Amino acid sequence: MEYRIQELEAKWQSWWAEQGTYKVDLVPGRPKYYVLDMFPYPSGAGLHVGHPLGYIASDIFARFKRMEGYNVLHPMGFDAFGLPAEQYAIQTGVHPSDSTRDNIARYREQLRNLGFNYDWSREVNTSEPDYYKWTQWIFIQLFLHWYDQKLQKARPIQELAGHFQQNGTNNLTASFGEEMQFTAEEWRTMSNIRQEEVLMNYRLAYRRVSFVNWCEALGTVLANDEVKDGLSERGGFPVERRPMLQWSLRITAYAERLLHDMEELNWSDALKAMQRNWIGRSEGARIFFSISDSNHSLEVFTTRPDTIFGVTFMVVAPEHDLLPELTTPDQKEKVEAYLQYVNSRSERDRMSEVKQMTGVFTGSYVMHPFSGEQIPIWTAEYVLKDYGSGAIMAVPADDDRDLAFAEMAGLPVIDIIDRAEWPDAKREDKVGRMIHSDFLNGLLVSDAIQLVIDKLQEKAIGERKINYRLRDALFSRQRYWGEPFPIIFDKDGIPHPVQEEELPVTLPPLDNFKPTADGHSPLARARDWVELADGARRETDTMPGYAGSSWYFLRYMDADNPEAFVSREALEYWQDVDLYIGGTEHAVGHLMYSRFWHKFLFDLGYLPTNEPFRKLINQGMIQGVIESIYLLKEKVNGKHLFRCAGLAEADDVQKYIQIPVLIDYIKEYGTDSSYLDLESIKHFIDWRPEYRDAIFECAKGTYENGVFTPKGAENSPHLYTHSEVGKMSKSKYNVINPDDVVKVYGADCFRMYEMFLGPIEQSKPWDTKGIDGVSKFLKRFWTLFSHQDQWLVQQTGEPDRDSLRILHQTIQRVRDDINRFSINTCVSHFMICVNELKRLDCHHQEILEPLVRLLAPFAPHISEELWHLLGKESSVHHADYPEVIEAYLVADEVTYPVSVNGKRRAEMTVPTDTDQRRLEELALAMPEIGKWIDGLTIRKMIVVPGRMINIVAG
RNA sequence: GCCGAAGUGGCGGAACUGGUAGACGCGCUGGACUCAAAAUCCAGUGUAAGCAAUUACGUGCGGGUUCGAGUCCCGCCUUCGGCACCA
């Protein structure tokens, strides 16, 4: 029997599918285990070798858990709504649902090729109406609820209306957008429209005006990272910040729980730190400064109320609501000019440019609450509208930015903290004694903070407050390929949720996917769909990419249920995700939104758990090498000129641009000396015909119009390319498809090789240098069973003790390493085991049979084949995990390193049960040791049983 | 700038709680088989000196703790990833 990889892998993949080997059902009484992968966006480029890294690890773990006796849920699906399909549709006219369907088919095939144990009967696709019906349903629930901070729980909006009816805003503990105060009487006399507006201020899904990066030329809203220097990254068109009425989700209501509940999760500290920083909780006070010559007051948030006597100016954000009112006629021109400047800058620009302070005086003043002094109000872009109250009290003596601003604007600085007693303290340490601070003088900072807040409270102009950096999530997109909102506006413009029976609200068919000229979603083109009876209209925005991915892990539990997003029965059994593996790029966004939705559904009583993912592992990225050649920016005699990397770098790289080359054409790809030869230049020209007439120059000569003119005796050019490590992406032409690797080496080999590359958390560029080692290992493993046409497995007699020891040692090591997700070292253990068994010429059934089971999670195909060749009928993947028999692990002898003063000088092999005193005697008696301790006094002997012996002499 | 992760042979990496640094694999060198090659098998392979036994040095750099440090502590350097001028 030969090891025919391709044949054998295809055979078992079909068999597993026919047998439903990986299908799972609820089995009451059997312990569950849920292993989840972050589902992919099915892009046109197909799956590349980076995707499977995490999938292989989770596949191994899921199989391992199943063999240990767990009922394992291990599903896969597709995050199928998204911008690329829509852009492809705009370019080619292919409907996003068609391209998405094709891409998914390809992904599914590629995943199948790798032998993953997904239960495909549970596949989800976020772009299918059966799925997004429930995304819409969850949105409606968010719309119909508000958050009660006192009960720390979402509650139905009717209960809030009831509260208003009875008490107005008295004793209200709701999360809200803007602060409101009214009596029950006032509520009752409000118009219906006004009441709806008020309720909108409290709903968990609500509409508000948000500033977006609007690009007129592209007719669309851009994300922060799509904007560079006030211009769109694509095309370089101007971008302005424009207010738009859009849907948002009140994730801020859950800030405290999102922060607090993280403690119990089995996530890395680094990841928790990222989420913690994102939420950004800070304790401080809100203070109201009364504005001179006005009956308004200016609210600020500060973490340092103790520094109130150091305030020398106030700053409001350029978008602050009160700014127009604060601006005096003689400052109007300056303020407006400044606003125009600010508008041209994206949020990212405003945040990244630290050095240069800008801002203008508004002309108004506030009154200091204690000294009564007049303090000027400025506006400056370093104060952000969405953080705190959008205004600060500036204390240049104790804040670097305020100081920089004061220096720029020529404003005074008042020292208020004496740190003489804490010479090493920095500002952020919050220590010191107050000076120049009236009633605070001499107090410690911490005491002063409390005293100031108390005084402010007495005067009713301030209070303690906890502030979060976290902002509400913008939930509207002006796009086609996303979930439509299940919302209808009546003729008064009041939004109403669609009746549950009418869900899903499906996307209307369209053939033009461009946004409308006035910036509305392409859905606005579908007049018949938008316009309803009685002047009612549908919402035309769609939901963002993270809508469908915020709850998909729940749908897998009960993927086809038409009655509910998931049945109670399935939830009671599967509970939550035990292990979630995915990339760090989703560390904040996706995980935060999922946790928020999960908690919300928990509040409504739909879920039994309040956190979705118990344990999380971030896999590293497998990067690619981007290969490019240097093109001289200036044409030479009207022709393009490409130069070898060596020549261009010796010249001046600024004069060149880099043109990426499809890596298939590169010789010695991924090495320092990757290059193009004659043949590859021809390929390149066929691929990019616009460079047909270009000149290619390298040290060996020049290529032009199909002719190579050598400088010396060479007959081929050797055009060195520029190589850099980066993301694998279609646009860099460096995608490596796992199918190609599988075709040559087989899926088992590919899987084990990716694991063998190193720890899963680590990022590394793809390279196949070591893959032969893994391939050889699998072949050697096979030869333990069969060589040429001979079946070697021996069924009679007892295996020898050495073989048994090796087997059980391997079982123990592999099991322990899987448990700590050290999968790369598992592969090494297997290699060592096979090497040893080969050396011992062991072919015994009692050794090989458990070994097949042990290898099954890693190399499922070869294991299944050998398992059946051993005469088994059912799948190896349903077999029990092999057990370690401790008795076999004990070796008869141990080898001790013997050190003198910590340096290893000799080795000593003794029976395992040698006692400590005897070990000391033997070590001291060794001739190799004698010469090192000669003439010295033995001060101490250190013996670590089973590990080492150290003689301390001096 | 801040936060996070990491620096170990020619390369990927191993060393779980402080205990033989370099497991395992690639590559390389030599040998066996072969007309030859591939494949396979055997041996060697951190650096330097030495015929050798052996010795010295060696985990980014500089200190420290310890019988003993890749691992712990202090100070630096470099690379990668993330980001918030957060009041």
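Quick caveat, the model's predicted, so the values are computed rather than measured. The chains referred to below are lettered A, B, ... by the order of the sequence lines, with proteins before strands, and numbering in each begins at 1. The figures that follow rest on heavy atoms only: side chains count, while hydrogens, waters and symmetry mates do not.
In this entry the distance linking NE2 of A/His829 with C1' of B/rG13 reads 13 Å, nearest Å. Put simply, CZ on A/Arg276 is 17 Å from C1' on B/rC86, counting in whole angstrom units. Computed from coordinates, the A/Met752 CE to B/rC26 P distance equals 14 Å when rounded to whole Å. One interatomic measurement links the two molecules: NZ of A/Lys385 to C1' of B/rA87, which rounds to 16 Å at whole-angstrom precision. Counting to the nearest Å, the P atom of B/rG13 and the CG atom of A/Leu53 are 12 Å from each other. Rounded to a whole Å, the CD1 atom of A/Ile823 is 18 Å from the P atom of B/rC16. Counting to the nearest Å, the P atom of B/rG27 and the CZ atom of A/Phe756 are 12 Å from each other.
For A/Asn824, no side-chain nitrogen or oxygen approaches OP1 or OP2 of B/rG25 to under 4.0 Å. Taking side-chain N and O atoms only, A/Arg401 has no distance below 4.0 Å to OP1 or OP2 of B/rG1. For B/rG13, the OP1/OP2 oxygens have a side-chain nitrogen or oxygen of A/Gln762 closer than 4.0 Å. In this structure, A/Ser822 does not reach the B/rC16 phosphate: none of its side-chain N or O atoms is under 4.0 Å from OP1 or OP2. Using a 4.0 Å cut-off, no side-chain N or O of A/Lys776 falls inside it from OP1 or OP2 of B/rC24.
Distances were taken from every side-chain heavy atom of A/Met831 (C-beta onward) to each of B/rG12, B/rG27, B/rG25; the shortest belongs to B/rG25. Checking B/rC57, B/rC67, B/rU20 against the side-chain heavy atoms of A/Asn950 singles out B/rC67 as nearest. In this structure, of B/rA15, B/rG25, B/rG12, it is B/rG25 that holds the atom nearest to the side chain of A/Asn835. Out of B/rC26, B/rC67, B/rC86, the shortest distance to the side chain of A/Lys769 is found at B/rC26. Considering only side-chain atoms of A/Arg469, the nucleotide from B/rC86, B/rU20, B/rG12 that sits closest is B/rC86. Considering only the side chain of A/Arg471, B/rC86 comes nearest among B/rU20, B/rG19, B/rC86. Listed nucleotides: B/rA23, B/rC67, B/rG19. Nearest to the side chain of A/Arg947: B/rG19. Closest approach to the A/Thr302 side chain among B/rA87, B/rA14, B/rC85 is made by B/rA87 (side chain taken as heavy atoms from C-beta onward). Among the nucleotides B/rA56, B/rA21, B/rC3, the one closest to the side chain of A/Arg904 is B/rA21. For A/Ser828, the side-chain atoms get nearest to B/rA23 when compared with the rest of B/rA23, B/rG19, B/rC85.
Here A/Tyr382 and A/Phe405 bring their ring centres to under 6.0 angstrom of each other. Under the 6.0 Å cut-off for aromatic ring centres, A/Phe61 and A/Phe821 qualify, their centroids lying closer than that. Close placement of the A/Tyr546 and A/Tyr593 rings is indicated, their centers lying within 6.0 Å of each other.
B/rG31 sits 37 Å from B/rU20 when the P atoms are compared, rounded to a whole Å.
Contacts of A/Arg780 with the nucleic acid, taken as non-hydrogen atoms under 4.0 Å apart, involve only primed sugar atoms and P, OP1 or OP2. Residue A/Ile832 is in sugar-phosphate contact alone, with no base atom involved, counting any heavy-atom pair closer than 4.0 Å across all strands shown. Within 4.0 Å of A/Lys903, counting heavy atoms only, lie sugar-phosphate atoms of the nucleic acid but no base atom. In this structure, A/Arg905 reaches the sugar-phosphate backbone alone: every heavy-atom distance under 4.0 Å involves primed, P, OP1 or OP2 atoms, never a base. Across all strands, A/Arg939 comes closer than 4.0 Å to no nucleic acid atom at all (heavy-atom distances).
The side-chain contact (heavy atoms from CB on, under 4.5 Å) test with A/Asp306 is passed by exactly one of A/Ile453, A/Ile417, A/Ile416: A/Ile417.
Each of A/Val827 and A/Leu757 lies near RNA chain B, and the nucleotide nearest A/Leu757 is the one positioned closer to the 5' end. Place A/Ser389 and A/Glu907 on RNA chain B by their nearest nucleotides, and A/Glu907 ends up nearer the 5' end.
Counting only distance, with no hydrogens or angles, the side chain of A/Asn467 and the backbone of A/Ser282 share no donor-acceptor pair below 3.5 Å.
Classified by its glycosidic torsion, B/rG10 falls in the anti category, the angle being over 90° from 0.
Under the Watson-Crick or G-U wobble criterion, with both distances below 3.5 Å, B/rC83 is paired with B/rG1.
For the pair A/Glu256 and A/Arg281, the salt-bridge criterion is met [side-chain N within less than 4.0 Å of a carboxylate O].
Between the side chains of A/Asp472 and A/Thr252, at least one donor-acceptor pair of N or O atoms lies under 3.5 Å.
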